Enquirer: 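Here it is, the structure in full.
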Amino acid sequence: ELMKPLGENSESSLESREIWAIAGGKGGTGKTFLTSQMAVSLASKNKRVIVIDTDFGGANIHSFFGLKKKVSSLNYFFEEKEPLENLLVETEVNNLQVIPGDFNAINVNAIKHMQKLKLFRHIKNLQADYVLLDIGAGSNFNTIDFFLLADKLIVVTVPEITAIENLFQFIRNTYFRKLFFLLGVYGLKTRAKDVWKNRKKYNISNIIGLIEHIRTEFDCNPMIFSELSDFSINIILNKLRSPTEVEHGFSIRSLCLKFLGVNALFSGYVEYDTQFWKSLSLIQPKSSIQVSPRLQNEIHKITGNIQLMTQMKIGNT
């Protein structure tokens, strides 16, 4: 119920509409900044874009568009039953609207199952070319379900070992959530969980081994494996301070393929801009932030790669 059913076309009546979800696994990666700037990049291509702040408890996308904290927020959807389209807030950027979150409102863990399904339906019915979801940190089920709602799954990290480890764990948890949802559709989830719990007995060392065991030992609908093969992650590296750190993007991609069997695309990187991050704390909530031409160019490249499902090549710095 939480993800697209097997065999269902991911497109709604708006055939060209795409949902992008941007997550980070941990805080401090610059995820919200990149979400806002990818939205600006898409809007500059004459696309209608909506950004929704689903970072419950840590919502701040409004700050990047110069919006006051007290404007209409996603909290009205949950508590006042306000239709999602009524919460759209105009920004200074043409073609770009925002549904802010509420910093002091709902905790993601408090969202009930039916509330989540209702929100998913409303998001899918928004009239836009692109809907970008700014996903909160962590790997709880609600956070992962919001992430899996999207057509394009995007993760942001920085070139630090703890951030990369958290990101890999987030991708792993997301892939497990997707797998067990698919198995649940056919009543195989309990059996698969038992195999994983006793994986040493079956000589299974990772999720690739689990999936192969399911493929050979379970009587499964082949659509399960078709859905899994379509699972893809777009990786963005942020705040790079050295050209050699670009290699982290390719390393994460290799880890995903080797240990999860997940198709990961290294969509690009953004170099650390000392002046920008220093000035960010001084920005007043009255106008959207300004970025340098270099930052704009890097984000345009990333956005284009995600649109086309292409990626950086080794040596392309």
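No experiment lies behind these values; they were computed from the predicted model shown.
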Enquirer: Taking C-beta and beyond as the side chain, do Phe170 and Ile144 meet within less than 4.5 Å on heavy atoms?
Expert: yes
Enquirer: Looking at side-chain heavy atoms only, is the closest gap between Asp134 and Ile52 below 4.5 Å?
Expert: no
Enquirer: Could you check whether the rings of Tyr175 and Phe231 sit parallel, tilted or perpendicular, using 30° and 60° as the cut-offs?
Expert: tilted
Enquirer: Flag the pair Arg241 and Glu245 as a salt bridge only when some basic side-chain nitrogen lies within less than 4.0 angstrom of an acidic carboxylate oxygen.
Expert: no
Enquirer: Counting C-beta onward and ignoring hydrogens, is there a side-chain heavy-atom pair between Leu42 and Leu132 closer than 4.5 Å?
Expert: yes
Enquirer: Where the side chain of Asn297 meets the backbone of Pro293, is there a donor-acceptor pair that is under 3.5 Å apart?
Expert: no
Enquirer: In the single-linkage hydrophobic clustering (I, L, V, M, F, W, Y; side-chain heavy atoms under 4.5 Å), do Ile171 and Leu257 co-cluster?
Expert: no
Enquirer: Would you mind checking if Arg215 and Glu212 are paired as a salt bridge, meaning a charged N to carboxylate O distance below 4.0 Å?
Expert: yes
Enquirer: Check whether any side-chain heavy atom of Val98 sits under 4.5 Å from a side-chain heavy atom of Leu67, and report yes or no.
Expert: yes
Enquirer: So, does Thr143 use its side chain to make a donor-acceptor pair with the main chain of Gly136 at under 3.5 Å?
Expert: no
Enquirer: With a 3.5 Å distance limit and no angle check, can you tell me whether Gln115 reaches the backbone of Lys112 through a side-chain donor-acceptor pair?
Expert: yes
Enquirer: Are Lys178 and Glu227 close enough for a salt bridge, meaning some N to O gap below 4.0 Å?
Expert: yes
Enquirer: Determine the interplanar angle of the Phe180 and Phe176 rings, folded into 0 to 90°, and report it as parallel if under 30°, tilted if 30 to 60°, perpendicular if over 60°.
Expert: parallel
Enquirer: Hey, are the side chains of Ser232 and Leu153 touching, using non-hydrogen atoms and a 4.5 Å cut-off?
Expert: no
Enquirer: Return the minimal non-hydrogen interatomic distance between Ala43 and Asn94, and the atom names on each side.
Expert: CB-O, 3.5 Å
Enquirer: Hey, does Thr190 have a side-chain heavy atom less than 4.5 Å from the side chain of Lys193?
Expert: no
Enquirer: Answer yes or no: is there a side-chain heavy-atom contact under 4.5 Å between Glu271 and Lys239?
Expert: no
Enquirer: Please tell me whether Thr29 and Asn238 have a donor and an acceptor in their side chains that are separated by less than 3.5 angstrom.
Expert: no
Enquirer: Does the distance from a Lys or Arg side-chain N to an Asp or Glu carboxylate O, for Arg177 and Asp145, drop under 4.0 Å?
Expert: yes
Enquirer: For the pair Phe64 and Phe33, name the ring-plane relationship: parallel under 30°, tilted 30 to 60°, perpendicular over 60°.
Expert: tilted
Enquirer: Atom NZ of residue position Lys118 - does it have more than 12 heavy atoms of other residues, nucleotides or ligands inside 6.0 Å?
Expert: yes
Enquirer: Does the side-chain hydrogen bond (donor to acceptor under 3.5 Å, both in side chains) test come out yes or no for Asn60 and Ser63, once each step is laid out?
Expert: CA-CA 6 Å; Asn60 61 355; Ser63 299; 5.8 Å; no
Enquirer: Would you say the side chain of Thr303 lies within less than 4.5 Å of the side chain of Trp20, judging by non-hydrogen atoms?
Expert: yes
Enquirer: Can a side-chain donor-acceptor contact be found between Gln307 and Tyr130 if the only test is distance below 3.5 angstrom?
Expert: yes
Enquirer: Any side-chain donor-acceptor pair under 3.5 Å between Gln127 and Arg17?
Expert: no
Enquirer: Any side-chain donor paired with an acceptor under 3.5 Å for Asn142 and Lys116?
Expert: yes
Enquirer: I'd like to know whether CG of Asp230 has more than 12 heavy-atom contacts from other residues, nucleotides or ligands below 6.0 angstrom.
Expert: yes
Enquirer: Is the distance between the ring centroids of Phe218 and Tyr186 under 6.0 Å?
Expert: no
Enquirer: Main chain of Ile61, side chain of Asp53: is a donor-acceptor contact present, judged purely on distance under 3.5 Å?
Expert: yes
